[in-house]
Amino acid sequence: MSKKVLLSGVRPSGKPHIGNYFGALKQFVDLQDQYEAYIMIADYHALDFVQNGKDMKQNIMNVLLDYLAVGLDPKKVTIFKQSDVSEHTELARIFETITTMPYLMRAHAFKDAEAKNKDLSVGVFNYPMLMAADILLYSPDIVPVGADQKQHIEIARDTAEKFNRIFGDTFKLPEPLIMKEVATVPGTDGRKMSKSYGNTIPLFAEYEEIKKCVMSIVTDSAGGFPKNVFEIHKLLRPEDELKKIYEEKAGKYKELKEMLIEDLEKFIAPLREKRKEFEKDIPKALEILKAGGEKAKKISGPKMDEVREKVGVKLY
Ligand code: TYM
């Protein structure tokens with residue numbers, strides 16, 4: 001029996017943080033044996049925010065090395081770059097023609113972005129169309145993501161249904177896989193950990209950086225219980241064990257933070273070392289990425305041909 005299919009991706013828009021890891025990357029690694037997995041570097045999604053060629057190249061390389069360092073095995077997983085597979089942008093164009101503006105205006109991500117910046121690009125507005133194309137080309141059974149991506153997957157499902165209704169059965173409806181305990185990893189200020197809030201703990205932080213991030217965690221909680229420290233700490237230790245420690249050390253915020261620093265260092269240090277090993281052979285990493293793009297095209301190419309046939313533009 002053939003394996004079920006998994007697809008997901010990360011935007012190369014800066015340093016990945018432990019929220020990306022626990023919310024998404026860890027699931028990719030844990031599921032790579034069980035599923036036929038396609039893991040993407042969503043570079044055209046990052047282009048909405050990163051508009052400097054040098055930075056973009058660096059960010060793409062960073063995500064690639066991060067994928068390898070956290071343990072994605074290129075023998076099991078197809079690691080590829082979105083821009084290497086032109087079918088993604090082609091299909092997004094077709095989806096844009098069957099989707100209305102009022103529908104996309106209801107997306108949370110659009111509303112949030114609009115609240116921050118009125119001069120939004122068309123790219124940001126159309127973001128869910130490209131993401132729907134990313135997903136639907138590979139007919140995945142599951143899409144592991146953090147909670148902030150749930151609506152995007154619902155949009156992909158709606159888009160698949162609409163296309164199927166207009167042009168005939170073509171796309172399989174994907175399911176999100178969102179791990180409850182890590183659906184929204186909080187940042188150092190208690191809000192969702194996010195690059196745009198500046199409240200992250202980078203996944204490959206050096207010891208001094210970990211220290212700085214943890215010391216900056218906001219601890220104005222009542223009753224001697226530093227909730228913001230605890231919520232991050234529980235990613236690294238069983239909750240029951242941790243609760244006892246936090247009760248014993250009630251009010252001793254500095255000691256608890258020091259313990260979190262040590263636990264983070266224990267978790268991050270081996271990842272950091274692995275990443276440094278991969279950094280020594282960039283040509284090999286690039287080969288992996290190139291081969292992944294070629295493999296991804298073997299799936300997306302025939303699917304796109306089917307779509308061209310259905311919409312009636314395929315004449316030969
Ligand atoms: P991105 O690059 O913003 O984030 C990558 C993954 O990390 C998850 N995540 C979190 N999970 C828990 N707690 C947090 N604080 C946290 N912050 C981020 C995100 O939910 C995501 O799973 N649009 C996507 C990239 C993408 C994609 C796709 C994903 C493009 N095409 C197709 C899946 C399928 C994004 O911007 O993720």
Side-chain angles (χ1 to χ4, degrees), residues 5-29 31 37-50 59-60 62-63 66-67 70 72 78-83 85 87-89 91-92 95 107-110 112-113 123-124 126-157 159-160 174-203 228 231-232 234-235 296 300:
V5 177
L6 172 161
L7 175 131
S8 197
V10 172
R11 254 177 330 169
S13 56
K15 278 189 197 168
H17 49 72
I18 62 168
N20 297 131
Y21 177 77
F22 287 100
L25 290 167
K26 183 170 185 299
Q27 275 65 261
F28 307 167
V29 178
L31 296 170
Y38 295 86
I39 301 294
M40 194 177 41
I41 300 175
D43 50 356
Y44 278 152
H45 273 121
L47 193 57
D48 284 324
F49 310 98
V50 183
N59 288 354
I60 293 171
N62 282 341
V63 176
D66 296 345
Y67 277 164
V70 296
L72 282 185
T78 304
I79 299 174
F80 71 102
K81 172 158 81 64
Q82 188 182 36
S83 61
V85 187
E87 285 81 355
H88 292 230
T89 38
L91 183 58
F95 286 162
H108 306 312
F110 165 68
D112 293 350
V124 170
N126 286 352
Y127 191 107
M129 297 287 92
L130 182 55
M131 185 152 159
D134 295 340
I135 296 171
L136 297 174
L137 278 169
Y138 299 85
S139 315
D141 296 280
I142 59 161
V143 184
V145 284
D148 59 353
Q149 298 298 316
K150 185 166 184 261
Q151 195 185 37
H152 286 148
I153 296 175
E154 281 159 8
I155 294 174
R157 287 174 65 92
T159 308
E175 292 288 345
L177 175 78
I178 300 172
M179 307 299 277
K180 209 166 129 251
E181 321 76 62
V182 287
T184 306
V185 172
T188 52
D189 57 0
R191 292 185 292 171
K192 181 187 94 163
M193 187 174 286
S194 165
K195 285 163 227 165
S196 58
Y197 294 153
N199 63 358
T200 67
I201 300 177
L203 180 54
N228 292 343
E231 289 299 319
I232 296 175
K234 79 174 197 227
L235 300 167
S300 60

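Both ligands and their constituent atoms are indexed starting at 1 by order of listing.
The closest approach between any non-hydrogen atom of F22 and ligand 1 is not below 4.0 Å. Judged by the shortest distance from any of its heavy atoms, S8 lies inside the 4.0 Å radius around the atoms of ligand 1.
Annotation for I60 and I41: closest pair O-CD1, 3.8 Å, computed over non-hydrogen atoms. Of all heavy-atom pairs between R191 and N199, the closest is O-ND2, 3.6 Å. Of all heavy-atom pairs spanning E175 and I153, the tightest one is C-CG2, 4.5 Å.
Within the 3.5 Å criterion, the main-chain N or O of H17 finds a donor-acceptor partner in the side chain of N20. With hydrogens and angles ignored, the 3.5 Å screen pairs no side-chain donor or acceptor of T78 with any backbone N or O of A296. At least one donor-acceptor pair under 3.5 Å links the side chain of Q27 to the backbone N or O of F22.
Note: no N/O pair closer than 3.5 Å links T184 and ligand 1 by distance alone. The shortest N or O to N or O distance between D134 and ligand 1 is under 3.5 Å. The distance criterion of under 3.5 Å between nitrogen or oxygen atoms is met by Q149 with respect to ligand 1. Residue contacts with ligand 1: K195 is placed with no nitrogen or oxygen under 3.5 Å of a nitrogen or oxygen of the ligand (distance criterion only).
At a heavy-atom cutoff of 4.0 Å, ligand 1 is contacted by the side chain of A24 but not by its backbone. At a heavy-atom cutoff of 4.0 Å, ligand 1 is contacted by the side chain of I135 but not by its backbone. Residue-level proximity to ligand 1 for A183 is carried by the backbone, the only part with a heavy atom below 4.0 angstrom. At a heavy-atom cutoff of 4.0 Å, ligand 1 is contacted by both the backbone and the side chain of V185.
Between the OH atom of Y44 and the OG1 atom of T89 there is a distance of 6.5 Å, given to the nearest 0.5 Å. Between Q151 atom CD and R157 atom CZ the span is 14.0 Å, to the nearest 0.5 Å.
For ligand 1, the atoms lying closer than 4.0 Å to a non-hydrogen atom of M193 are 14 (C), 15 (N), 17 (N). Residue A42 approaches ligand 1 through these ligand atoms, each under 4.0 Å from one of its heavy atoms: 30 (C). For ligand 1 and Y127, the ligand atoms under 4.0 Å from any heavy atom of the residue are 23 (N), 24 (C), 35 (C), 36 (O). Of all atoms in ligand 1, numbered sequentially from 1 with element shown, those under 4.0 Å from a heavy atom of V143 are 33 (C), 34 (C). Atoms of ligand 1 found under 4.0 Å from any heavy atom of V182 (numbered from 1 in listed order, with element): 12 (C). Close approach of ligand 1 to K192 (heavy-atom distance below 4.0 Å) involves ligand atoms 15 (N). Per-residue contacts place M40 under 4.0 angstrom from the following atoms of ligand 1 (heavy atoms of the residue considered): 28 (C), 31 (N), 32 (C). Close approach of ligand 1 to V10 (heavy-atom distance below 4.0 Å) involves ligand atoms 2 (O), 5 (C).
Distance from atom 25 (C) of ligand 1 to its nearest protein heavy atom, with residue and atom name: G9 O, 3.7 Å. Closest protein heavy atom to atom 4 (O) of ligand 1: N20 ND2, 3.4 Å. Nearest non-hydrogen protein atom to atom 10 (C) of ligand 1 is G19 O, 3.5 Å. In this structure, atom 3 (O) of ligand 1 lies nearest to the protein heavy atom R11 NH2, 3.0 Å. Looking only at heavy atoms of the protein, atom 30 (C) of ligand 1 is closest to H45 ND1, 3.2 Å.
Using a 4.5 Å heavy-atom threshold, the side chains of M131 and T159 count as separate.
Relative ring orientation between F28 and Y67 is described as perpendicular, the plane-to-plane angle rising above 60° on a 0-90° scale split at 30° and 60°.
Environment of NZ in K195: crowded, with over 12 heavy atoms of neighbouring residues, nucleotides or ligands closer than 6.0 Å.
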Legend entry - Step-by-step side-chain hydrogen bond (donor to acceptor under 3.5 Å, both in side chains) determination, S83 to K81: CA-CA 6 Å; S83 61; K81 172 158 81 64; 3.1 Å; yes

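Which of L235, V145, D148 comes nearest to atom 20 (O) of ligand 1 through a heavy atom is settled by distance: it is D148.
No side-chain N or O of K15 forms a donor-acceptor pair with one of T200 less than 3.5 Å apart.
Remark: of the listed residues D134, I79, L7, L7 is the sole one forming a side-chain contact (heavy atoms from CB on, under 4.5 Å) with Y38.
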